[in-house]
There are 2 protein chains.
Amino acid sequence: MRKNKGMPMEEQSGPLMADVARLAGVAISTVSRALANPGRVNEKTRARIDAAAKKLGYTPNAMARGLRVGKSNTIMIILPGSLYYGVSQVIPQVLQSINKALLQNGYNLMIANLGRDAESERHILDLAFGGTVRGAIILSSKLPEVDGRSLANAGLPTISMLLDMSDAGVPSVVTNDREAVRDATADLIHLGHRRFLYLAGPENNYHDLERFSGVVEALQEAGLSESAVVRSGGNLDYQHGFDIGLQAASDFAALADKPTAAIATSDDMAISFMSRVQRMGLSIPGGLSIVSFDGSPVCAFCSPPLSTIEQPMEEMGQMAVAILMAAIDRPEQKPEMRNVIRSRLIQRESVAAPVWLLANNFN
Amino acid sequence: MRKNKGMPMEEQSGPLMADVARLAGVAISTVSRALANPGRVNEKTRARIDAAAKKLGYTPNAMARGLRVGKSNTIMIILPGSLYYGVSQVIPQVLQSINKALLQNGYNLMIANLGRDAESERHILDLAFGGTVRGAIILSSKLPEVDGRSLANAGLPTISMLLDMSDAGVPSVVTNDREAVRDATADLIHLGHRRFLYLAGPENNYHDLERFSGVVEALQEAGLSESAVVRSGGNLDYQHGFDIGLQAASDFAALADKPTAAIATSDDMAISFMSRVQRMGLSIPGGLSIVSFDGSPVCAFCSPPLSTIEQPMEEMGQMAVAILMAAIDRPEQKPEMRNVIRSRLIQRESVAAPVWLLANNFN
DNA sequence: TTGTAGGCGTTATCAC
DNA sequence: GTGATAACGCCTACAA
């Protein structure tokens with residue numbers, strides 16, 4: 001019989017370490033050692049203990065261990081409340097790769113959604129300050145902060161992914177958006193394009209700033225004016241990519257001096273944009289070239305197949321976890337603040353030289 | 001100074017309940033009550049305690065509470081290792097809706113991946129038997145089971161989603177796949193189609209069985225033979241939907257007696273299939289009608305826009321959580337074993353009457 | 001190499 | 001209404 005002073009009514013829980021110890025005829029502490037530190041215990045005792053544990057189907061209680069050692073073994077990933085999930089599979093890929101990498105390090109993954117409400121911030125801070133999690137990977141631009149508490153001073157190892165938060169002191173894993181877009185734009189210029197349409201996500205978002213800068217840099221390098229690019233969008237979230245594309249198609253239709261190339265900042269917007277302008281009678285890439293962003297597999301099956309800049313999510317997830325693990329295990333060692341993974345342009349048939357150049361080939 | 005007998009070196013942790021008690025000038029137990037059970041404590045004391053807690057930035061330690069009450073407040077979602085993430089956004093939507101619903105009930109969401117390896121099964125069982133999680137939502141057809149332990153007898157409230165596991169005693173939330181496909185097929189028959197191509201996911205998978213049965217039922221009801229449908233695929237995972245579609249296009253090309261309608265069991269396969277057969281010169285829906293499955297938003301922007309059967313993920317997630325909460329809070333009450341949410345066919349331009357019927361309209 | 005014992009931070013019971 | 005106190009299950013410093 002167990003004692004039951006000060007305890008609530010309880011359904012039967014599984015076997016305890018004490019049960020294993022009794023069956024193996026040793027002290028509890030020996031069981032603990034045998035399980036956690038097999039080297040520090042006699043081989044024969046260890047075998048007896050293992051057998052007993054297996055026989056009872058013993059599983060250590062994670063919360064008791066966590067409380068005792070003052071460390072949890074779960075990591076939280078903070079996803080923006082308005083989660084972007086388009087054709088790009090970014091989120092599932094991130095989750096998959098992070099979870100896999102964490103598992104190999106003995107950690108679990110917990111999901112937290114960061115909305116615009118104080119409630120979701122409070123929840124995340126509870127997770128952080130309540131010792132539930134041991135570290136965080138954040139995919140949102142804002143650090144949770146509400147009534148005095150802030151993730152920034154939770155003493156919680158935190159890594160940012162996709163967005164550069166190194167300014168806020170958070171080590172970040174990002175892609176070279178700007179460079180990739182600059183190169184893609186330079187390619188278009190090289191093909192003869194001189195007038196561009198840029199499809200923007202939410203204005204002033206890190207990605208928008210980076211990617212648009214890439215366009216502008218390419219124009220400057222080619223001696224072209226910034227006025228060579230027309231911006232569309234800026235008021236909708238990436239989540240509404242399809243709507244951005246539709247709006248951009250309207251904008252395009254209304255332009256007197258038509259661009260010959262479009263640069264979309266997500267595959268969603270590229271796809272709906274392309275669909276709509278084709279329906280308007282425009283031919284692609286003949287009448288308009290399109291380059292897009294995200295590297296969604298489905299782009300290969302658009303008509304025409306869509307050129308797109310791929311983001312190596314698998315690699316980014318692995319690196320984020322590696323940096324996080326280092327931050328946990330060796331806190332004294334200052335991590336690299338900005339970690340860049342290279343994007344790759346996947347070239348497909350949505351890009352060609354502009355028609356006027358093909359027609360009168362004298363440039 | 002804190003005592004430190006038998007304890008490892010420790011970095012400073014946050015304020016404790018004892019600190020709040022000291023600052024408020026009450027006993028620890030009163031603080032505990034004030035925070036968890038505000039009604040059972042004097043209004044003025046409660047206010048003093050709240051103020052003290054806020055001032056110190058106190059956050060209760062979740063593991064200590066969990067250990068004490070013998071219950072955790074996290075739920076795990078078990079995702080298949082070969083995670084299907086195509087254009088359909090099924091997984092992100094599921095996660096989003098489940099997480100949101102759990103949050104409202106005060107629970108956290110933990111991710112677990114169930115691969116084909118014993119290691120991942122062991123990990124999940126550790127979570128279950130180690131008291132880390134309070135319940136599980138499983139999206140995989142196999143219940144983790146390894147060396148004696150099985151999720152089936154972990155005493156862990158478990159709900160299946162997408163797949164019907166009611167046979168295994170697991171309450172399930174599913175869509176009416178079969179019925180939806182039957183109706184869609186009946187529509188095609190009604191339009192005049194008499195010969196069909198069926199694009200299958202992995203053979204004998206629950207979804208494949210259900211959906212193909214739907215096709216066969218419709219044929220039978222119309223007095224047509226089962227030989228009216230040709231199956232393609234069956235050897236690849238849904239994850240490789242694009243490849244299934246490409247293979248189906250080859251199969252289609254090789255058929256002497258061409259089907260006039262195709263039924264795809266995921267949007268991915270429909271999209272790559274359509275892309276490939278169009279490239280072969282086939283016109284859609286003129287030469288071939290296509291109906292697909294998943295309801296991916298991108299289908300609206302295919303050319304032609306793709307008819308697809310939508311799965312209401314949001315609703316399914318909410319129901320799964322509702323049932324899980326009931327299973328946790330009222331274990332004596334037997335839950336409904338099979339919970340069906342209706343799918344909806346989104347009709348678009350990829351479906352039309354077969355050409356021969358349009359041409360000689362005498363049937 | 002093994003056993004003893006104290007305590008991680010919280011909550012529930014019991015007594016006042 | 002409030003305070004003292006004993007657990008929850010495990011780990012580790014220390015003694016043997």
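Below, chains carry the letters A, B, ... as their sequence lines are ordered, and counting in each starts from 1. Side-chain atoms are counted along with the backbone in the values below, which use heavy atoms only and exclude waters and symmetry mates.
Proximity note for B:Val69 (side chain, C-beta onward) versus C:dT13, C:dA12, D:dT12: the nearest is C:dA12. Of the candidate nucleotides D:dT12, C:dC8, C:dT10, C:dC8 has the atom nearest to the side chain of A:Leu67. For B:Arg68, the listed nucleotide lying nearest its side chain is D:dA7; candidates were D:dA7, D:dG9, D:dG3.
Of the possible polar contacts, one joining the A:Asn339 side chain to the A:Glu336 backbone as a donor-acceptor pair under 3.5 Å is found.
Counting to the nearest Å, the C1' atom of C:dG9 and the CE atom of A:Met63 are 13 Å from each other. Atom pair B:Arg65:CZ and C:dG9:P shows a separation of 15 Å (rounding to whole Å applied). Between the CG atom of A:Leu35 and the P atom of D:dC10 there is a distance of 10 Å, rounded to whole Å. Going from atom CZ of B:Arg33 over to atom P of D:dG1 covers 10 Å, rounded to whole Å. As a whole-Å value, the separation of B:Asn61 CG from D:dC8 P is 18 Å. Taking atom NZ on A:Lys71 and atom C1' on C:dC8, their separation rounds to 12 Å, with Å as the unit. At whole-Å resolution of the value, CG in A:Asn73 and P in D:dC10 are 14 Å apart.
Ion pair B:Arg338/B:Asp164 flagged as a salt bridge, since at least one NZ, NE, NH1 or NH2 atom sits closer than 4.0 Å to an Asp/Glu carboxylate oxygen.
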Would you please test B:Val94 and B:Met316 for side-chain contact (heavy atoms from CB on, under 4.5 Å) and show each step?
CA-CA 8 Å; B:Val94 166; B:Met316 292 182 78; over 6 Å; no

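For residues 20-30 of chain B, the set of pairs meeting the salt bridge (charged side-chain N to carboxylate O under 4.0 Å, His left out) definition, not counting sequence neighbours, comprises B:Asp19-B:Arg22.
Among the protein residues, A:Met17 comes within range of the sugar-phosphate backbone only, with heavy atoms under 4.0 Å from sugar or phosphate atoms but none that close to a base.
Other residues, nucleotides and ligands contribute at most 12 non-hydrogen atoms within 6.0 Å of the NZ atom of A:Lys100.
Contacts between residues 37-50 of chain B and DNA chain C, counted as heavy-atom distances below 4.0 Å, involve no residue at all. Taking a 4.0 Å limit (strictly below) on heavy-atom distances, residues 22-30 of chain A reaches DNA chain C at A:Val26, A:Ala27, A:Ser29, A:Thr30.
Taking OG1 from A:Thr74 and CG from B:Leu127, the interatomic distance works out to 9.5 Å, rounded to the nearest 0.5 Å. A distance of 9.0 Å separates CG in B:Leu324 from CG in B:Asn105, rounded to the nearest 0.5 Å.
In this structure the side chain of B:Val20 never reaches within 4.5 angstrom of the side chain of B:Lys55, judged on heavy atoms.
Regarding contacts with the backbone of C:dT10, a side-chain N or O of B:Tyr58 is found under 4.0 angstrom from either OP1 or OP2.
Residue A:Asn108 comes nearest to A:Leu102 through the heavy atom pair O-CD1, 4.1 Å, listed as atom of the first residue, atom of the second, then distance.
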